[in-house]
Amino acid sequence: MSTPQPQTTERRYQLFINGQFVDAESGKTFKSPNPATGETFAEVAEADKADVDKAVAAARKAFDGKWSKISARDRGRLIHKLSQLIERDAAQLAELETRDNGKPIKESTYIDLPGVVENFEYFAGWATKIEGETIPVPGQVFNYTLREPVGVCGQIIPWNFPLLMAAWKLAPALSAGNTVVLKPAEQTPVTALELAKLIQEAGFPEGVVNIVTGYGETAGAALASHKGIDKIAFTGSTEVGKLIATAAADNLTKVSLELGGKAPNVIFADADLDQAVNGAMMGIFFNQGQVCCAGSRIFVEEKAKDEFLGRFKEKADRIKVGDPMDKATLMGPQVSEEQLNRIKSYVDIARNEGATVFTGGGSPELAEEFKNGYFFQPTILSDVDNSMRVAQEEIFGPVSSVITFKDDDELIQKANDTIYGLSAGIWTRDITRAHRFAKAIKAGVVWINTYNMMNAASPFGGYKQSGYGREMGKHALELYTQVKSVWVDLSGKPIGWFGK
Ligand code: ADP
């Protein structure tokens with residue numbers, strides 16, 4: 001892999017279809033800016049329906065051909081090889097991720113890339129462990145099941161963890177023997193195409209993985225509605241998730257969706273307050289707040305409110321915002337100008353709804369070099385009521401809404417009063433209260449006295465409008481396999497039903 005070039009130099013990328021790097025059929029390209037400076041970082045081929053058609057055809061050919069003939073062991077070995085190549089190039093990939101997405105280099109180095117390696121490693125191991133069952137049916141009959149791949153999978157991913165989301169999608173799909181057409185987000189196309197180079201180097205047969213960069217409304221929509229795919233997996237906004245499910249419904253394509261959230265992160269007065277403040281910070285300011293499981297509604301027990309807000313503000317104000325390539329930076333820019341404007345508009349909405357901007361709420365003062373970057377301050381909104389828009393709608397930025405509650409019943413009622421159900425956190429020393437909450441909250445992931453913990457072996461996904469299906473862990477294999485029931489007569493006798 002080549003050494004990353006200086007920030008101002010444009011990098012050029014082509015689509016990855018059938019094992020080759022190719023231009024878009026239309027010859028069109030689009031520009032991906034560096035969010036820290038607003039300058040173009042890469043110029044990338046822009047896929048359209050014609051390219052998606054080509055990619056799906058390549059994936060089908062690979063699925064019916066070479067890939068189906070490769071043993072589970074060799075599939076696992078290829079995926080493992082890929083994880084090793086990613087580990088080899090982790091430093092360069094982390095740098096590219098930071099330049100394309102804006103996230104601090106500390107995060108891409110210590111969170112994103114290790115997570116990518118972990119996911120490929122974990123699912124490499126599963127390839128040889130996907131098994132059917134024998135079923136004890138009555139009579140002289142043998143019944144068994146085969147767990148088979150679904151086929152050609154379309155996968156559409158977001159921009160907040162570009163390479164990690166590619167890993168969450170590709171690793172289980174490949175492990176189970178599927179082929180893939182992956183569409184990265186238009187804001188962050190670079191690292192998926194760098195991954196394509198490693199997929200080529202690892203020696204995957206052509207067409208097993210195809211990567212088509214382009215816009216959601218064109219390439220994404222063409223993939224979601226394609227008659228040639230057997231499954232579509234999507235991570236992104238709930239709004240687009242509904243479009244994907246609607247498009248897939250026409251062909252009855254299998255769908256899995258990992259969508260938005262408005263997670264409650266609950267702080268009881270009996271919690272270790274220092275830890276709870278750290279957890280609140282991790283919940284809402286990690287990755288610039290661009291996290292679907294962000295703890296964006298912070299519920300604080302009324303009597304702890306003032307102390308919590310004081311400590312939370314003090315820490316939030318100390319977050320180092322700025323150059324994402326600086327190892328000491330803890331918050332980089334938002335991914336795009338569009339996102340930045342959206343966040344600003346939500347702070348205006350909060351003010352109009354009667355909330356208080358307790359800290360932040362605007363753009364930070366930064367060096368000349370970053371004046372066109374999409375930076376926003378860590379922001380705390382207090383005096384928020386759970387019915388306000390800033391408590392009900394996903395902002396997807398570093399904006400936390402602090403809401404108070406008096407007792408457990410009021411808390412559960414308010415915490416569950418949302419269309420979302422992806423995750424939740426609770427901070428308390430009372431173990432009974434913590435587990436009661438874990439049971440009562442309608443969310444797919446619950447963190448007790450911690451936040452944002454994840455592992456390739458543990459399932460992740462949402463209740464309610466946060467989606468359906470679970471990624472990671474053995475649960476992800478359910479998304480990428482289907483079950484066939486096989487019946488065998490052992491009696492040797494003719495079927496007598498209609499007479500012998
Ligand atoms: P965000 O709103 O946070 O940018 P989106 O849900 O819009 O997130 O985008 C997530 C992914 O979905 C991206 O890869 C994007 O290109 C894609 N996408 C957006 N709109 C559509 C659509 N209508 N059909 C299919 N994919 C889409």
Side-chain angles (χ1 to χ4, degrees), residues 15 24 28 30-33 35 44-49 51-52 55-56 100-103 153-166 168-170 180-193 195 210-226 229 231-251 253 255-262 287-294 296 333-343 345-346 374 376 393-399 420 422 462 465-467 471:
L15 311 175
K28 282 200 282 188
F30 65 100
K31 295 194 167 176
S32 180
V44 183
E46 183 189 327
D48 217 326
K49 187 175 179 318
D51 309 287
V52 170
V56 171
D100 203 23
N101 165 281
K103 63 175 65 203
C153 301
Q155 303 184 320
I156 300 177
I157 56 172
W159 44 258
N160 56 346
F161 296 90
L163 201 51
L164 187 58
M165 290 301 103
W168 280 25
K169 295 270 180 292
L170 287 171
V180 175
V181 178
L182 177 84
K183 195 202 83 66
E186 55 270 34
Q187 296 85 347
T188 54
V190 166
T191 47
L193 291 167
L195 182 68
N210 305 273
I211 299 181
V212 287
T213 43
Y215 291 97
E217 301 74 30
T218 50
L223 187 56
S225 61
H226 208 289
I229 60 168
K231 183 202 158 52
I232 184 95
F234 171 77
T235 297
S237 60
T238 292
E239 189 191 345
V240 174
K242 289 178 186 175
L243 296 177
I244 304 268
T246 306
D250 210 33
N251 306 318
T253 309
V255 186
S256 54
L257 302 170
E258 202 263 89
L259 308 175
K262 196 77 196 177
N287 204 40
Q288 294 68 243
Q290 305 167 138
V291 185
C292 48
C293 55
S296 48
Q334 304 299 308
V335 77
S336 64
E337 194 170 9
E338 189 187 345
Q339 278 301 117
L340 180 65
N341 291 336
R342 179 185 156 88
I343 294 162
S345 78
Y346 269 108
Y374 316 131
F376 199 76
E393 297 173 19
E394 189 177 42
I395 300 174
F396 225 65
V399 181
Y420 296 112
L422 188 55
Q465 290 195 30
S466 290
E471 299 193 285

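These values consider heavy atoms only, across backbone and side chains, with no hydrogens, waters or symmetry-generated copies. Note that the structure is predicted; figures quoted are calculated from it, not measured. In listed order, ligands and their atoms are each counted from 1.
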How many angstroms lie between [atom1] in [X] and [atom2] in [Y], if you round to the nearest 0.5 Å?
X	Y	atom1	atom2	value
S336	N341	OG	CG	8.5 Å
I395	F376	CD1	CZ	9.0 Å
L182	L195	CG	CG	8.5 Å
T253	H226	OG1	NE2	10.5 Å
Y346	E393	OH	CD	3.5 Å
I157	E258	CD1	CD	12.0 Å

Problem - Any G241 heavy atom less than 4.0 Å to ligand 1 - result: no
Problem - A224 near ligand 1 by a heavy-atom separation under 4.0 Å - result: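 So A224 does not count as touching ligand 1.
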Going by the atom numbers of ligand 1, which of them fall below 4.0 Å from some non-hydrogen atom of [X]?
X	answer
P184	14 (O)
G236	6 (O)
I244	25 (C), 26 (N)
L243	23 (N)
G220	24 (N), 25 (C), 26 (N)
K183	14 (O), 15 (C), 16 (O)

Exercise for the section: Verify, without hydrogens or angle tests, whether E394 (side chain) and G260 (backbone) share a donor-acceptor contact under 3.5 angstrom. Expected result: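 A pair under 3.5 Å: no.
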Exercise for the section: Verify, without hydrogens or angle tests, whether Q465 (side chain) and T238 (backbone) share a donor-acceptor contact under 3.5 angstrom. Expected result: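 Here the side-chain-to-backbone pair does not exist.
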Exercise for the section: Please check if any side-chain donor atom of T191 sits under 3.5 Å from a side-chain acceptor atom of D100, or the reverse. Expected result: no
Practice task
Look up atom 9 (O) of ligand 1 and tell me if a protein heavy atom lies less than 4.0 Å from it?
Solution key: no
Give the residue, atom name and distance (to 0.1 Å) of the protein heavy atom nearest [atom].
atom	answer
atom 17 (C) of ligand 1	I156 CG2, 3.6 Å
atom 22 (C) of ligand 1	G216 O, 3.4 Å
atom 16 (O) of ligand 1	E186 OE1, 2.6 Å
atom 1 (P) of ligand 1	W159 NE1, 3.6 Å
atom 7 (O) of ligand 1	V240 CG2, 3.5 Å

Under 4.0 Å from ligand 1, counting heavy atoms only, is it the side chain of [X], its backbone, both or neither?
X	result
I157	backbone
A219	neither
S237	both
F234	side chain

Exercise for the section: Check the angle between the aromatic planes of Y215 and F30 and answer parallel, tilted or perpendicular using the 30° and 60° thresholds. Expected result: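 If you compare the ring of Y215 with that of F30, the planes turn out tilted.
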Exercise for the section: State which residues pass salt bridge (Lys or Arg N to Asp or Glu O under 4.0 Å) with E338; sequence neighbours excluded, sorted by chain then number. Expected result: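 For E338, no residue satisfies salt bridge (Lys or Arg N to Asp or Glu O under 4.0 Å) once neighbours in sequence are set aside.
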